[in-house]
Amino acid sequence: MDFATRAIHAGQEPDPATGATIVPIYATSTFTQSAVGEHKGFDYSRVANPSRVALETQLASLEEARYCAAFASGLGAETAITSLLSAGDHIVVSDDTYGGTYRLFTKVLERFGLGSTFVDMTDLAAVRAAIRPNTKMFWIETPTNPMLRLVDIRAMVALKTAGQLVVVDNTFCTPYFQSPLALGADIVIHSTTKYIGGHSDAMGGAAMTDDAEIAEQLRFLQKTLGAVLSPFEAFLISRGAKTLALRMREHASNAYAIATFLEERDDVERVYYPGLASHPQHELARRQMRGNGGIISMTLRGPESRALDVARTTKLFSLAESLGGVESLINHPARMTHGSIPKAERDRRGITEGLLRLSVGIESAHDLIADLRQALDATDARTTPASRAEAAGSADVSDPERIPATQSQGAPTA
Ligand code: P1T
């Protein structure tokens, strides 16, 4: 069956007790047993819950995986996957990852004796040089967050030897646009908070694999670490996932239109989007991905204050962390999503003060472009700092929809 059909039908059998067409929210922590050990396959919701199982079946089908385990967040899934390893093991990680992933690896796993080396995975020689005798895992984000660099999954799989696992974070592409397991990866991880849920109303994560032994270990870790998805969140994410195909097509076509618009502006120094011919790995994108997704980053000309001004001047693009919802978001990675990465590291990756990341929603592309145009024009790089401050200040008073300046200065929160 095709993707769009599986998205709606996989795991969604009518409820056996009532015939309810939509899988109910099984809001129960426990299940009554008829005798000790005699039950209908469920005994305690941390271990398994029918709403979660329905979602796991649906997501496994979308990723064309044999197994899926759902977690309370993307980081919950990451915690479980990295817990497959032991103290003394080593992970090679792509050096441009979500800031929270960087924080987990450097601030927590390191303390438990699980070392990691961050490396530019677009450079295979650098990856080879980073491999140690105790390397047990390659952790790949592709496209990377927020620089939209691509990692060649097949080439990475070719590097691995027995006993090593290749893990791919497929959050940005989703299974609609990229199939890491088919390219040889061992585990796919998702923040289902993003495109899979798709409506910015639920936190979740998932790990998929074709390997029965890994799946069994992940199930063990799911119930043992306890970062499980609630039945209500499972319902929301499952409902969102049913329209994943439709949404991804819209995200990608809107993003392409916006990336093209941005690339033509003199006051935008650089646009990062794998669908642009100017992207250094455009060929790899065409080979590895079936579409380019909805995330664009751009480096603006002018000082950091201009990027902050743009971020608070857009009206349809909400200034917020996260991505992948139907509504458009704008984010200043250096101060927000990637604030937990030290500045020197950020600068090395290109996460400068002038960088903005857009999560392009499924509103009208025409309206989104108009919104970006007015924000860029209002904060033109050629205006003086004084006139910018004046323009921003007066607009704050006159326009109730405008985000107050203080909100753009917040400490990294996620
Ligand atoms: O937020 P959570 O569901 O725990 O997912 C973590 C995560 C994992 N992988 C990728 C590629 C991600 O982008 C994220 C979360 N990212 C954001 C919140 C963000 O704004 O980039």
Side-chain angles (χ1 to χ4, degrees), residues 55 59 69-82 93-105 107-109 118 121 139-151 167-175 177-178 180 185 187-208 225 227-230 233-234 236-237 240-241 251 272 274 293-297 311 317-325 327-341 346 349 351 355-361 410 412-414:
L55 174 71
L59 297 187
F71 294 88
S73 67
L75 272 167
E78 294 186 25
T79 303
I81 294 168
T82 50
V93 192
S94 55
D95 73 349
D96 183 35
T97 53
Y98 168 54
T101 303
Y102 178 88
R103 190 175 55 213
L104 170 68
F105 281 63
K107 297 278 195 314
V108 179
L109 300 182
F118 288 80
M121 284 190 171
W139 191 280
I140 302 170
E141 228 182 72
T142 183
T144 62
N145 182 359
M147 300 310 295
L148 283 308
R149 296 208 310 259
L150 306 186
V151 179
V167 180
V168 177
D169 187 328
N170 205 19
T171 299
F172 271 32
C173 269
T174 82
F177 283 144
Q178 182 169 270
I187 302 173
V188 166
I189 176 258
H190 281 281
S191 167
T192 56
T193 314
K194 315 298 183 214
Y195 289 108
I196 289 182
H199 296 74
S200 306
D201 55 6
M203 296 290 303
M208 291 83 151
L225 297 175
V228 291
L229 192 69
S230 78
E233 308 280 288
L236 286 175
I237 292 166
H251 284 297
Y272 310 87
I295 308 296
I296 302 171
S297 289
F317 282 84
S318 299
L319 176 56
E321 312 230 355
S322 202
L323 55 99
E327 66 292 312
S328 294
L329 304 180
I330 189 164
N331 162 49
H332 186 266
R335 285 180 183 255
M336 296 167 70
T337 47
H338 293 70
S340 54
I341 300 175
R346 286 201 311 261
R349 296 164 192 209
I351 309 173
L355 186 81
L356 290 175
R357 189 189 72 187
L358 304 176
S359 173
V360 178
T413 54

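For the numbers below, each heavy atom of this structure counts, side chains included, while hydrogens, waters and symmetry mates do not. FYI, the numbering just counts along the sequence from 1. In listed order, ligands and their atoms are each counted from 1.
- A search for side-chain contact (heavy atoms from CB on, under 4.5 Å) contacts involving Ala70 returns Arg52, Leu55, Glu56, Leu229, not counting sequence neighbours.
- Legend: residues meeting salt bridge (Lys or Arg N to Asp or Glu O under 4.0 Å) with Asp95, ordered by chain and number and at least two apart, are Arg149, Arg348.
- Applying the side-chain contact (heavy atoms from CB on, under 4.5 Å) test to Ser328 and every residue at least two apart in sequence or in another chain returns Phe317, Glu363, Leu368.
- Ordered by chain and residue number, the residues placing a heavy atom less than 4.0 Å from ligand 1 are Ser73, Gly74, Leu75, Glu78, Tyr98, Glu141, Asn145, Asp169, Thr171, Ser191, Thr193, Lys194, Met203, Gly204, Glu321, Ser322, Leu323, Thr337, Arg357.
- For the pair Thr337 (side chain) and Glu321 (backbone), a donor-acceptor distance under 3.5 Å is absent.
- Not a single donor-acceptor pair under 3.5 Å links the side chain of Thr192 to the backbone N or O of Ala206.
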query = Which is it for Ser200 and Glu327 under the side chain to side chain donor-acceptor pair (under 3.5 Å) test, yes or no, and what are the steps along the way?
reply = CA-CA 8 Å; Ser200 306; Glu327 66 292 312; 2.5 Å; yes
